[in-house]
Amino acid sequence: MFDELDSTNTVAAGLRAGGEAGGDGVVVLARHQTAGRGRFGRVWRSRPGGSALLSVILTAPPALRRPVVLTAWAAVAVGAAVRQLAGVEARIKWPNDLLVRGKKISGILIEQGAGGEAVPDRVRTVVGIGVNLNQAPEEFAAAGLPDATSVAAECGSPQDLRAAVGVLLSHLDAEYARLLAGERAAVEADWKGRVGLLGRQVEVELADGSRVAGRLREMGFDGLEVELSAGAVRRVAPEAVEHVRAV
Ligand code: BT5
């Protein structure tokens, strides 16, 4: 646990993979980050004590190490923590945001193989999680983030950082235990429920810039099935999907 560092993901990736400090299950926590990152070099904003900021180092077995599985794991655990802390349900916005009433309460940043030596047969993944805890709506507005929210803004009670982090870690542990116990389908079902788009008309934006529109017939770690207007079904791998939106 650090008072201040640049980014928990950067520090976690820099820990020696073979050593105890950089081993499986180690969590790097910070009260404040001076260079918090989102995806594609975007900035993750926080102020001291305002957010839960942490990175988990995982050397997950091959079946679990796909980013879609690990992002879902973190998102399901954050969703359960937000429910426990704020008494509200967070929805997952593909691929890595958690939204309450349409506003972003948490973001997840998965980085694999960045900066760490490989453990034989085990790729190291750093799962970075930021959860907004104590920011007021005015604070977000002043920071240019009108579409952000926090646990305190949702439930009206200021959050103790350590207690909130404890709740978050206990859900991360419990969901990871489910994955390791072979209960991938249970985590997948929770993830699917929190995405909340099954059966709806959606537009899927693919990594190559193309779009697929239709009814989302099924979704899982193995792919999305979109029923096109003519009745044909298009299957896409989660890795090929940039965004999924209801239309
Ligand atoms: C994310 O990226 O949402 C992943 C954020 C991961 C942050 C954690 S904190 C611990 C660990 N260490 C790090 O350095 N990072 C991880 P992305 O989907 O690219 O979204 C970034 C966008 O979210 C920004 O461009 C803003 O629009 C918005 N944003 C920034 N700070 C925010 C906040 N506190 N709350 C809500 N939205 C925010």
Side-chain angles (χ1 to χ4, degrees), residues 1-15 22 26-58 67-68 70-79 81-82 85-86 88 90-112 114-116 124-154 159 161 164-165 168-169 172 194-195 205 207 238 241-245:
M1 172 114 194
F2 296 82
D3 262 347
E4 182 180 292
L5 43 63
D6 51 1
S7 151
T8 56
N9 264 46
T10 306
V11 169
L15 294 172
V26 166
V27 179
V28 176
L29 283 145
R31 287 191 77 246
H32 183 51
Q33 295 184 128
T34 53
R37 297 188 269 122
R39 302 187 315 142
F40 313 115
R42 292 192 283 247
V43 174
W44 181 257
R45 295 184 191 286
S46 64
R47 57 142 165 98
S51 315
L53 305 166
L54 60 91
S55 296
V56 186
I57 298 174
L58 290 176
V68 60
L70 293 179
T71 306
W73 159 68
V76 164
V78 172
V82 167
L85 293 168
V88 295
R91 288 185 64 165
I92 298 171
K93 181 178 161 229
W94 188 288
N96 67 325
D97 292 346
L98 277 112
L99 310 183
V100 174
R101 295 181 303 107
K103 295 191 169 196
K104 185 160 168 176
I105 197 162
S106 171
I108 296 161
L109 177 67
I110 301 263
E111 295 179 310
Q112 260 170 353
R124 215 159 65 120
T125 308
V126 173
V127 183
I129 301 171
V131 183
N132 300 324
L133 294 177
N134 282 318
Q135 298 94 327
E138 308 75 54
E139 194 180 332
F140 282 128
L145 295 170
D147 293 327
T149 190
S150 69
V151 170
E154 293 305 320
Q159 298 294 303
L161 180 59
V165 164
L168 181 54
L169 290 179
L172 287 166
R194 283 200 188 274
V195 173
E205 190 184 319
V241 174
E242 284 291 312
H243 296 290
V244 188
R245 300 183 193 88

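These numbers come from a predicted model, not from an experiment. We count ligands from 1, going down the list as the structure has it; atoms in each ligand are counted the same way. FYI, the numbering just counts along the sequence from 1.
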Distance from atom 10 (C) of ligand 1 to nearest protein heavy atom, with residue and atom: T8 OG1, 3.1 Å
Tell me which protein heavy atom sits closest to atom 30 (C) of ligand 1, plus the residue, atom name and distance to 0.1 Å. V43 O, 3.2 Å
More than 12 non-hydrogen atoms from neighbouring residues, nucleotides or ligands closer than 6.0 Å to NZ on K93, yes or no? no
Per side chain to side chain contact (heavy atoms under 4.5 Å, CB included), S150 is matched among N132, L133, V100 by N132
Taking atom 35 (N) of ligand 1 as the reference point, the nearest protein heavy atom with its distance: N132 ND2, 2.9 Å
So is S46 in contact with ligand 1, going by heavy-atom distances below 4.0 Å? no
At a non-hydrogen distance cut-off of under 4.0 Å, which region of R42 contacts ligand 1 (side chain, backbone, both, or neither)? side chain
Atom 26 (C) of ligand 1 sits nearest the protein heavy atom L145 CD2, 3.7 Å
Please write down residue, atom name and distance for the protein heavy atom closest to atom 34 (N) of ligand 1. R45 O, 2.8 Å
Nearest non-hydrogen protein atom to atom 1 (C) of ligand 1, with distance, is N96 ND2, 3.6 Å
Mind checking whether Q135 has an N or O less than 3.5 Å away from an N or O of ligand 1? no
Indicate the atoms forming the closest heavy-atom contact of G22 with R124, along with that distance. O-NH1, 2.9 Å
Students should be able to answer this: which protein heavy-atom is nearest to atom 5 (C) of ligand 1, and at what distance? W44 CE3, 3.5 Å
